[in-house]
There are 2 protein chains.
Amino acid sequence: MQGGPPWVRGLHGRFRNYGYRLTFPRQAILEAFTKTDKHLSAIDVYGQVHKIYPGIGLTTVYRTLELLAKMGVLFRFEFGDGKTRYELAEGPRGQRHHHHLICVNCGRVIDYTDFIDEEIELLHQIEKGLSKKYNFKITHHQIHFYGLCEECK
Amino acid sequence: MQGGPPWVRGLHGRFRNYGYRLTFPRQAILEAFTKTDKHLSAIDVYGQVHKIYPGIGLTTVYRTLELLAKMGVLFRFEFGDGKTRYELAEGPRGQRHHHHLICVNCGRVIDYTDFIDEEIELLHQIEKGLSKKYNFKITHHQIHFYGLCEECK
DNA sequence: CTCAATGCAAATCTTTTGCATGCTA
DNA sequence: TAGCATGCAAAAGATTTGCATTGAG
């Protein structure tokens with residue numbers, strides 16, 4: 001296994017550092033995330049990867065998603081539909097950090113990047129305080145706003 | 001069905017307004033939440049209620065939790081262990097709103113109320129902006145900080 | 001060549017649904 | 001009494017595990 005998109009080559013070392021191998025299925029799973037802005041579930045990923053590599057097994061998808069989350073390459077989300085979803089922690093083009101609006105009626109999820117700067121600043125201060133008080137090493141955060149979307153109001 | 005803790009009597013009307021009935025199982029499920037500060041899963045609740053009402057069915061617990069969440073009496077949370085958890089939206093003693101610290105290693109969840117005021121103020125402003133921009137009616141929010149707890153660091 | 005990675009099948013677990021019966025208002 | 005609520009059994013889904021085989025390094 002060699003070649004592939006440039007950003008994938010950079011992951012080789014990252015995998016090795018963890019004692020993991022960068023195999024074709026793993027690379028194909030990663031690529032699925034670079035082709036969408038959506039929050040993909042295991043089955044979503046399976047569907048995508050299956051198109052270019054029909055031999056893929058669902059089990060491998062589950063194991064790889066967990067692995068990538070542990071490595072910090074993906075973030076894990078749950079929006080209330082019973083499926084765990086994942087997103088690239090940092091997009092190939094350095095996408096901006098974002099938060100979510102979730103419709104409690106239809107389940108629609110909207111990513112927003114507005115106001116993020118103000119949020120981030122405050123959150124960083126809070127992180128500092130919480131880390132000290134609770135002796136907790138904070139790595140990331142999520143903000144979810146719940147309510148009714150345009151359609152469901 | 002009548003009597004019970006004072007705060008439960010107040011719910012009678014709330015149920016009626018929705019066209020629902022305040023039955024013994026429902027009251028017992030609600031009481032389980034008043035006896036703990038924890039985020040209870042359906043099976044947690046089932047276990048609690050089963051002690052005082054062995055006839056309870058798991059299905060009823062699931063249906064009641066969903067109902068109470070829809071009524072706004074409970075909030076729904078997912079912390080990554082595959083179980084949906086619930087918490088009283090407003091405690092019987094008017095507990096303060098809080099946010100969560102989640103250990104990605106052991107799954108421990110810490111509630112914190114520090115910094116809440118600053119957070120709330122900012123979030124309210126942001127809510128206003130988001131509501132307008134996305135034509136979204138926001139009802140509540142969650143902030144989760146992820147990382148490693150004292151034990152797991 | 002060695003050991004991690006994979007895929008399949010089966011097992012687990014949580015949550016939902018169908019339906020006959022019970023109970024609240 | 002009417003219609004919501006309940007409990008059981010079965011179904012549906014998502015995720016995990018055991019194990020023999022494959023393949024990356």
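In what follows, chains carry the letters A, B, and so on, assigned in the order in which the sequence lines appear, proteins first and then strands, with residues in each chain numbered from 1. This one's a predicted model, so the numbers in the text were calculated from it and none came from an experiment.
Screening Tyr86(B), Phe75(B), Phe79(B) for a ring-ring contact (aromatic ring centres under 6.0 Å, His included) involving His39(B) leaves a single residue, Phe79(B).
Straight-line distance from the CG atom of Leu67(A) to the C1' atom of dA4(C): 11 Å, rounded to whole Å. Distance CD (Gln27(B)) to P (dC23(C)): 17 Å, rounded to an integer number of Å. Taking atom CZ on Arg21(B) and atom P on dA2(D), their separation rounds to 13 Å, with Å as the unit. One atom, CG of Leu22(B), and another, P of dT6(D), lie 10 Å apart when rounded to the nearest Å. Following rounding to the nearest Å, Arg76(B) (CZ) and dT14(C) (C1') show an atom-to-atom distance of 14 Å. Residue Arg26(A) contributes atom CZ, which lies 10 Å from atom C1' of dA24(D) at whole-angstrom precision. The NZ atom of Lys83(A) sits 12 Å away from the C1' atom of dA12(D) (whole-angstrom rounding). Taking atom CD of residue Glu66(B) and atom P of nucleotide dT16(C), one finds them 6 Å apart after rounding to whole Å.
In terms of phosphate contacts, Thr23(A) brings a side-chain nitrogen or oxygen within less than 4.0 Å of OP1 or OP2 of dT6(C). The phosphate of dT15(D) has OP1 or OP2 within less than 4.0 Å of a side-chain N or O from Tyr62(A). For Thr60(B) and dG7(D), the shortest distance from a side-chain N or O to OP1 or OP2 is below 4.0 Å. Of the side-chain N and O atoms in Ser41(B), none sit less than 4.0 angstrom from OP1 or OP2 of dT14(C).
The minimum heavy-atom distance linking Leu67(A) with Arg26(A) is given by the pair CD2-CZ, 3.6 Å.
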Return all side-chain donor-acceptor pairs below 3.5 angstrom for residues 53-60 of chain B, not counting sequence neighbours, or 'none' if the list is empty.
none

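Two rings, from His141(B) and His99(A), have their centers 6.0 Å or more apart. Proximity of the aromatic rings of His140(A) and His144(B) is defined here by a centroid distance below 6.0 angstrom, and this criterion is not met.
Across all strands, Tyr53(A) comes closer than 4.0 Å only to sugar-phosphate atoms, never to a base (heavy-atom distances). Across all strands, Arg16(B) comes closer than 4.0 Å to no nucleic acid atom at all (heavy-atom distances). Using a 4.0 Å heavy-atom criterion, one finds that Tyr46(A) contacts no nucleic acid atom at all.
An end-to-end axis angle of 50° holds for the helix from dC1(C)-dG25(D) to dA25(C)-dT1(D), taken from five base pairs per end and rounded to 10°.
Thr139(A) places none of its side-chain heavy atoms less than 4.5 Å from the side chain of Phe145(B).
Across the interface with DNA chain D, nearest-nucleotide mapping of Leu58(A) and Arg63(A) shows Leu58(A) to be the residue nearer the 5′ end. Comparing Tyr20(B) and Thr84(B), the nucleotide of DNA chain C nearest to each residue sits closer to the 5' end for Thr84(B).
A salt bridge links Asp44(A) with Arg85(A): at least one charged nitrogen is closer than 4.0 Å to a carboxylate oxygen.
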